[in-house]
Number of protein chains: 4
Amino acid sequence: MFMRKSKMSLIFQAAIDVFSEKGFDKATMDDIAARANVAKGTIYYHFKSKEELFLFLVEEGVEVLRDGVESKLMPELSPTEKLELIVREQINFFGQYRDFCVILLRETWGGEERQLEFRKMIRSYMYLIEQVIQQGIEAGEFHPVNAENAGSGIFGMIAISALHILLGQNAYDEEALFQDMKRMVFSGVVK
Amino acid sequence: MFMRKSKMSLIFQAAIDVFSEKGFDKATMDDIAARANVAKGTIYYHFKSKEELFLFLVEEGVEVLRDGVESKLMPELSPTEKLELIVREQINFFGQYRDFCVILLRETWGGEERQLEFRKMIRSYMYLIEQVIQQGIEAGEFHPVNAENAGSGIFGMIAISALHILLGQNAYDEEALFQDMKRMVFSGVVK
Amino acid sequence: MFMRKSKMSLIFQAAIDVFSEKGFDKATMDDIAARANVAKGTIYYHFKSKEELFLFLVEEGVEVLRDGVESKLMPELSPTEKLELIVREQINFFGQYRDFCVILLRETWGGEERQLEFRKMIRSYMYLIEQVIQQGIEAGEFHPVNAENAGSGIFGMIAISALHILLGQNAYDEEALFQDMKRMVFSGVVK
Amino acid sequence: MFMRKSKMSLIFQAAIDVFSEKGFDKATMDDIAARANVAKGTIYYHFKSKEELFLFLVEEGVEVLRDGVESKLMPELSPTEKLELIVREQINFFGQYRDFCVILLRETWGGEERQLEFRKMIRSYMYLIEQVIQQGIEAGEFHPVNAENAGSGIFGMIAISALHILLGQNAYDEEALFQDMKRMVFSGVVK
DNA sequence: TATGAATGAGGATTCATTCAT
DNA sequence: AATGAATGAATCCTCATTCAT
């Protein structure tokens, strides 16, 4: 995921695996070193600390999500089309980077410096949604809602639903989830 | 929150504070003991381990949410009315037990035994939503959607939006959030 | 074993069980209280400390062994007859009070005050053997050996052999062990 | 004793000292680290746990005893000569490794996994004695006795006598003890 | 006499980080 | 660039003992 080169990429990949499996605190540098087939000292050659490694990793990940979506939001699309695209892309991202998403949902809530940082990153993604919502409202395509609430709501709805499935027993049927999420985002549940 | 009596309630309250501030792993029994003004051993007199204390605490919390909502879902209400009630209650709960909700969203994702347990508990709450969705569909009031996806989606939408505000700078305006969430859940964003 | 009355005897018996099962250090006052069906405080009502309880218990036990043997060493018996009696009695005691004997062999070696005390107690039993040896030598019935070495040697030979069997899989055949020990003590192994 | 190299040998030696002085339970890793002039973590770098360190140490010790004796039991020796050699060697070993022998006698009795393990190790030494006894019986040099009883008996006789002296006030006169033990093992006490 | 909640010192173990090679 | 032995602060948990009832 989000490759670099050589030893560094090994460490990077191993870090994602281990952090998502155990969470930030329970993951150990030994774990990561072992998974990367690298001596522990080597990690410290490339990253100043566990914290830094983690931060770097999450930064990259959110960037991939945000930039991936952003690059597809062509200006010629209508707000409704854009919204549909966002729903589809986020579902796809969660399926593809499940482990990373676990990290994200896990390490974001709390008052630590690191967690504030993470929320800012996520915010930068939610901002994309907000903008589309705003455009939709202005274009008269969408109901008037607080864009920030809508942004976090849509992100949260998809995120929790996706993880709920991904961490449960059932297979992750992206298309079905997409249909349901699209319907709910677009029209809600009440007829 | 969710009182018990005497020393035990002191520990209980302190545990919520500390766990929500630091998360399960970073929270120490020393912290909790100090916060509760109790000797460390006293905690172990009442709870077998840090894990057990935590589990117990989360169990209680989810119960308060679930039972609180459940007790208000009078049979004479229509599915639409029930759904509205759920939205309102969950928003209210998040505002009232912010710290607990941070714990909940934080410690639920992952493969550890404890986390599976937590997801089961949350699931027991989401199940309430699913049932209402199902009733609504059967009554012809709701669009046909997969009830499970709708359940986790609605829970997630409200949860993330609420936390997003609660952990940000802005005041938690329950009524405004309720109006937005209700609109989104009921009608979506697209006109 | 070595009864007292009422609550105290319950504690006493429980202490033997637990101490022999776990050793002095690993045995806890909680264990003992639970086994005796008594509140922990009650133990402290009867015994000043864990150490004291233990000391008392070992004292009693060694007394039972020593006094039991001593009372049977009638003056009219020949040294050889006395020696035979000692062998038989010690084997019998080990079979009857296996748990206590485990304690004895376990907690006797080392430099702590308590252990010195225990060795003194055991010494008081070995002294019986030494006296018989001395009598036998003086009567011309026994080879001239250092009585102290003979005393500890005979005690040790029987003790270790008995425990070896008692803690192994095989049944404790007292009569067979007696025959072997008697032969070895009396005539050694070389023809 | 039983050297290794570098830090590890420091730990090893310190462990023997401390374990024999205080026993397994009372000995602390802090003690051992301090005695070895090593950080506590260093011990854990080399040994997984206190238990493992201890097990390793006892294993080595018993091996030294067993292999030392075994290597001297030349096939051309008669059973009687072999038995004499065993008596001498065991007495010598106890004198040389007093502290280790205290550990051995102390930590062997009980039902814990570790203790079973230890008894197996000791058994592997006693087995040497048993074989010699068996050979002696078959060669017509020894009285017919149960070899297992004789093995544990001889081991125990020497062990307890040796420790009795080593932990008492008197000097450890190996030659005198050897003469007495040899006489008792060979001919018993009765003329 | 008897109880059991409360205590806090003590001990095993973990792990991020350093540093000499 | 890479290594891995060494460190020691930090943390969970245990348990003998006390004491108010």
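Here is how names work: the chains are called A, B, and so on, in the same order as the sequence lines, proteins then strands, and each is numbered from 1.
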By the 4.0 Å heavy-atom rule, please label D:Ala33 as base, sugar-phosphate, or nothing.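 Nothing, no heavy atom under 4.0 Å.
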
Sort out the partner of F:dT21 for me: Watson-Crick or G-U wobble, both distances under 3.5 Å, none otherwise.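 F:dT21 is paired, partner E:dA2.
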
Name the pairing partner of F:dT11, where a pair is Watson-Crick or G-U wobble with both distances under 3.5 Å, or state none.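 Pair assignment: F:dT11 / E:dA12.
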
Interatomic distance where [atom1] belongs to [X] and [atom2] belongs to [N] [whole Å]:
X: D:Met29; N: E:dT13; atom1: CE; atom2: P; answer: 6 Å
X: C:Asn37; N: E:dG4; atom1: CG; atom2: P; answer: 11 Å
X: A:Ile43; N: F:dG4; atom1: CD1; atom2: C1'; answer: 12 Å
X: D:Met8; N: F:dG4; atom1: CE; atom2: C1'; answer: 16 Å
X: A:Leu10; N: F:dA1; atom1: CG; atom2: C1'; answer: 14 Å
X: B:Tyr44; N: F:dT17; atom1: OH; atom2: P; answer: 22 Å
X: C:His46; N: F:dT17; atom1: NE2; atom2: P; answer: 16 Å
X: D:Lys26; N: F:dT14; atom1: NZ; atom2: C1'; answer: 15 Å

Is the backbone of D:Glu113 close enough, under 3.5 Å, to the side chain of D:Glu117 for a donor and an acceptor to pair up by distance?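 No, the answer is negative, given that no donor and acceptor are paired below the 3.5 Å cut-off.
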
Please answer whether the main-chain N or O of B:Ala27 pairs with a side-chain N or O of B:Lys50 as donor and acceptor at a distance below 3.5 Å.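 Present.
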
Considering only F:dA1, E:dA16, E:dT7, which nucleotide approaches the side chain of A:Lys50 most closely?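 The answer is E:dA16.
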
Looking only at the side chain of C:Val38 (C-beta and beyond, no hydrogens), which of the listed nucleotides F:dT17, E:dT17, E:dT3 gets closest?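 Per side-chain heavy atoms of C:Val38, the pick is E:dT3.
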
Knowing that exactly one of C:Phe54, C:Phe56, C:Phe12 qualifies, which makes a ring-ring contact (aromatic ring centres under 6.0 Å, His included) with C:Phe47?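 Of all the options given, the one that passes is C:Phe56.
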
Toward the 5' end of DNA chain F, which comes first, A:Gly41 or B:Asp25, by nearest nucleotide?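 Taking each residue's closest nucleotide, the earlier one in sequence belongs to A:Gly41.
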
Using heavy-atom distances to pick each residue's nearest nucleotide on DNA chain F, tell me which of B:Lys48 and D:Ala39 is more 5'.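 Nearest-nucleotide comparison on DNA chain F picks D:Ala39.
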
I want to confirm an ordering. Mapping C:Lys40 and A:Thr28 to their closest nucleotides on DNA chain E, which one lands closer to the 5' end?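 The 5'-side residue here is C:Lys40.
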
If the test is salt bridge (charged side-chain N to carboxylate O under 4.0 Å, His left out), which one of C:Arg119, C:Arg114, C:Lys22 qualifies with C:Glu107?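 Among C:Arg119, C:Arg114, C:Lys22, the one meeting salt bridge (charged side-chain N to carboxylate O under 4.0 Å, His left out) with C:Glu107 is C:Arg114.
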
Is any side-chain N or O of C:Lys22 closer than 4.0 Å to OP1 or OP2 of F:dC15?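 No, outside the criterion.
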
Checking side-chain contact (heavy atoms from CB on, under 4.5 Å) for the pair B:Phe19/B:Leu53: CA distance, chi angles, key distance, verdict? CA-CA 10 Å; B:Phe19 279 133; B:Leu53 168 57; 4.2 Å; yes

